[in-house]
Visitor: 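The structure's right below; bear with me while I get my questions together.
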Amino acid sequence: MAAITFDPNFNLQKNKELPQHRVLVEEIEGLIKVYKDGHVERPQVVPNVTCKLPLELGVTSSDVIIDSFTNIWARLYVPKKLCQGNKFPLLIYFHGGGFCVGSASWICYHEFLAKLASIANCVIMSVNYRLAPENRLPAAYDDGVKTILWIRQKVLIGANAEYWWLNKVNFSSIFLAGDSSGGNIAHNVAIRVCSKLGDLKPITLKGTILIQPFFGGESRTYSEKYMAQPPRSALILASADTYWRLALPTGANRDHPWCNPGDKGSIDLVDLRDIPAILVCISELDILKDRNLEFCATLNRVGNKKVVEYMMFKGVGHAFQVLNKSQIAQARTADLIAQIKAFISR
């Protein structure tokens, strides 16, 4: 796949041709503007980068096309050396951004996932799924399922020069992972894979890793109401509400099961029997903290046993691992990577 780059003049040129009387209906400042006629603007708040990586990292990166018709693609991260001759687990990763912004080519994800692949000894496939509101849910879930089926098809066909990385993957050790809205996607894709697709042999889903998963509800949790957020926080309550308005099916509210999986009537969608392990990573200063804790408690209650484990990361907020360069955030990111490595190495 050709390198993905951003032309800073593109939107400027396009905007000159736009009518000046457009009516703005939704906005998250600096991230997205949605107009009544359907036009969507996304300022380039985070640089897009090619798949190039420093040689000393010991990771090879490349882009692959999953579906050219819908423009779904993924960025691969493959460690150059095998660990004691064994093949690597595969993490299928979904980026955050409230379902509405973000890219697998954003530099913050490129750097984080390259480091994760190197330290945790795993192959990572970072999926560039379709965004809302142009493609409301379940489009992102459909793209996740399509990615899994694409992988299965390639495994059945076998590795070749283009798909050489297949030879480095242990396909009986596949994990779905993601942060924020990506964590939500990983969870809902796992449900679809386990409950609707049946036998995926020769590939096996071994677990899910949900980092600050983006859930919500009409009723507010304590942390949503009272957790003070610093200026320019990655997620505040107002922006969370806007993301849900843009991402959920038209007419749905925040108690829709895709948003609020613990709400009455939606719990039937949670089928845990075929998901061997679930890890939830929660940030202490995140407005989603209580929502994430409730999610873990609900799944454990429904499963009649401890099927979910979680880890609380002290002193950091939402998306610290990709958007915060402070000393404490870097320390917690190292902890996060170590936790993921231990989880996928069992």
Side-chain angles (χ1 to χ4, degrees), residues 46 66 72-77 89-106 108-117 120 122-132 135 137-148 150-151 174-194 205-216 234-235 240 243-244 247 258-259 261 270 275 277-283 286 288 291-292 295-296 299 308-311 313 318-323 333 336-337 339-341 343-344:
V46 178
I66 305 297
I72 306 167
W73 59 274
R75 179 159 293 182
L76 287 165
Y77 300 88
L90 172 65
L91 264 66
I92 302 173
Y93 196 93
F94 302 95
H95 66 77
F99 306 102
C100 298
V101 299
S103 171
S105 64
W106 269 14
C108 55
Y109 282 105
H110 185 60
E111 293 178 346
F112 170 66
L113 294 177
K115 183 185 297 184
L116 178 60
C122 61
V123 172
I124 298 176
M125 173 179 277
S126 178
V127 182
N128 203 72
Y129 53 87
R130 289 173 292 170
L131 299 178
N135 301 281
L137 296 175
Y141 306 153
D142 293 341
D143 295 349
V145 171
K146 182 173 289 186
T147 298
I148 293 173
W150 181 89
I151 292 170
I174 291 182
F175 296 83
L176 299 180
D179 66 288
S180 195
S181 57
N184 178 300
I185 295 169
H187 174 67
N188 280 285
V189 170
I191 292 172
R192 288 169 174 241
V193 168
C194 292
L205 177 62
K206 198 171 179 181
T208 58
I209 301 166
L210 315 181
I211 305 170
Q212 309 134 3
F214 186 38
F215 296 115
L235 188 69
Y243 283 136
W244 285 120
W258 294 337
C259 177
V270 183
I275 306 177
I278 302 173
L279 172 65
V280 181
C281 301
I282 305 172
S283 294
D286 188 358
L288 298 179
R291 186 75 61 183
N292 289 172
F295 172 76
C296 295
L299 294 193
V308 181
E309 59 181 281
Y310 72 86
M311 182 172 182
F313 293 85
H318 194 76
F320 70 88
Q321 72 284 355
V322 289
L323 295 180
T333 299
L336 173 65
I337 291 175
Q339 186 74 15
I340 293 173
K341 180 178 182 178
F343 184 76
I344 66 177

Visitor: If every non-hydrogen atom of F215 is compared with every non-hydrogen atom of P261, which pair is closest and at what distance?
Guide: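 F215 and P261 have their closest heavy atoms at CD2-CD, 3.5 Å.
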Visitor: Which heavy atom of I344 sits nearest a heavy atom of A120, and at what distance?
Guide: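 Looks like CD1-O, 3.8 Å.
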Visitor: Rounded at 0.5 Å granularity, tell me how far CH2 in W73 sits from CD1 in I66.
Guide: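 The CD1 atom of I66 is 10.5 Å from CH2 of W73, to the nearest 0.5 Å.
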Visitor: Under the 3.5 angstrom rule, does the side chain of N128 hit a backbone N or O of A74 as a donor-acceptor pair?
Guide: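 Side chain of N128 to backbone of A74, a donor-acceptor pair under 3.5 Å: no, none is there.
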Visitor: Tell me the closest heavy-atom pair linking A247 and A132, and the distance in Å.
Guide: CA-CB, 3.7 Å
Visitor: Is there a donor-acceptor pair under 3.5 Å between the side chain of Q212 and the backbone N or O of A319?
Guide: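 Side chain of Q212 to backbone of A319: a pair is present.
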Visitor: What pairs with D142 under side chain to side chain donor-acceptor pair (under 3.5 Å), at least two apart in sequence or on another chain?
Guide: R192
Visitor: Under the ring-ring contact (aromatic ring centres under 6.0 Å, His included) rule, collect the residues that match up with Y243, sequence neighbours excluded.
Guide: none
Visitor: Do R75 and H95 have side chains that get closer than 4.5 Å, going by heavy atoms?
Guide: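 With C-beta onward as the side chain, the pair stays apart.
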Visitor: Are a donor atom and an acceptor atom from the side chains of T333 and Q321 found within less than 3.5 Å of each other?
Guide: no
Visitor: What heavy-atom pair brings I124 and A117 nearest, and what distance separates the two atoms?
Guide: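 Closest pair (atom of I124, atom of A117, distance): CD1-N, 3.7 Å.
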Visitor: In chain order, what residues pass the side-chain contact (heavy atoms from CB on, under 4.5 Å) check against D143, with sequence neighbours excluded?
Guide: I72, Y129, R130
Visitor: With sequence neighbours left out, write down each residue that passes ring-ring contact (aromatic ring centres under 6.0 Å, His included) with F112, or none if nothing qualifies.
Guide: none
Visitor: Please report the closest heavy-atom contact between P89 and F175, naming both atoms and the distance.
Guide: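 Scanning both residues, the minimum pair turns out to be CB-CE1, 4.2 Å.
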Visitor: If you measure from SG on C122 to OH on Y77, what distance do you get to the nearest 0.5 Å?
Guide: 12.0 Å
Visitor: Got I278 and E309 here, is their nearest side-chain heavy-atom distance under 4.5 Å?
Guide: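 No, their side chains stay 4.5 Å or more apart.
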Visitor: Quick one: does C281's side chain get under 4.5 Å of Y310's, heavy atoms only?
Guide: no
Visitor: Residues in side chain to side chain donor-acceptor pair (under 3.5 Å) with T208, at least two apart?
Guide: none
Visitor: Any side-chain heavy atom of I282 sitting closer than 4.5 Å to one from M311?
Guide: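 No - every pair of side-chain heavy atoms lies 4.5 Å or more apart.
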Visitor: Heavy-atom distance under 4.5 Å between the side chains of L299 and V280, does that happen here?
Guide: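 No, too far: nothing below the 4.5 Å cut-off.
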Visitor: Could you pull out all residues at least two apart from I151 that satisfy side-chain contact (heavy atoms from CB on, under 4.5 Å)?
Guide: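 Once residues adjacent in sequence are excluded, the partners of I151 under the side-chain contact (heavy atoms from CB on, under 4.5 Å) criterion are L90, I92, M125, T147, V155, F171.
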Visitor: With K146, which residues qualify under side chain to side chain donor-acceptor pair (under 3.5 Å), at least two apart?
Guide: D67
Visitor: Residues in side chain to side chain donor-acceptor pair (under 3.5 Å) with H318, at least two apart?
Guide: S180, D286
Visitor: Heavy-atom distance under 4.5 Å between the side chains of L176 and L205, does that happen here?
Guide: yes
Visitor: With heavy-atom distances below 4.5 Å as the criterion, would you say the side chains of N292 and L210 are in contact?
Guide: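 Heavy-atom side-chain distance check fails, nothing below 4.5 Å.
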Visitor: Main chain of Y109, side chain of Y93: is a donor-acceptor contact present, judged purely on distance under 3.5 Å?
Guide: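 Absent.
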Visitor: What's the spacing between L137 CG and W258 CH2 if we round to 0.5 Å?
Guide: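 Rounded to the nearest 0.5 Å, the CG-CH2 separation comes out at 6.5 Å.
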Visitor: For a quick test of reading the model, state the closest non-hydrogen atom pair linking V189 to V145 and the distance between them.
Guide: CG1-N, 4.0 Å
Visitor: Name the orientation class of the two ring planes belonging to F99 and Y141 (parallel below 30°, tilted from 30 to 60°, perpendicular beyond 60°).
Guide: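 Perpendicular: the ring planes of F99 and Y141 meet at over 60°.
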Visitor: Contact between C108 and L323 at the side-chain level, heavy atoms closer than 4.5 Å - yes or no?
Guide: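 Side-chain contact under 4.5 Å: yes.
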Visitor: If you round to the nearest 0.5 Å, how far is CG of L91 from CD1 of I340?
Guide: 7.0 Å
Visitor: Does W106 have any ring-ring contact (aromatic ring centres under 6.0 Å, His included) partners at least two apart in sequence or in another chain, and if so, which?
Guide: none
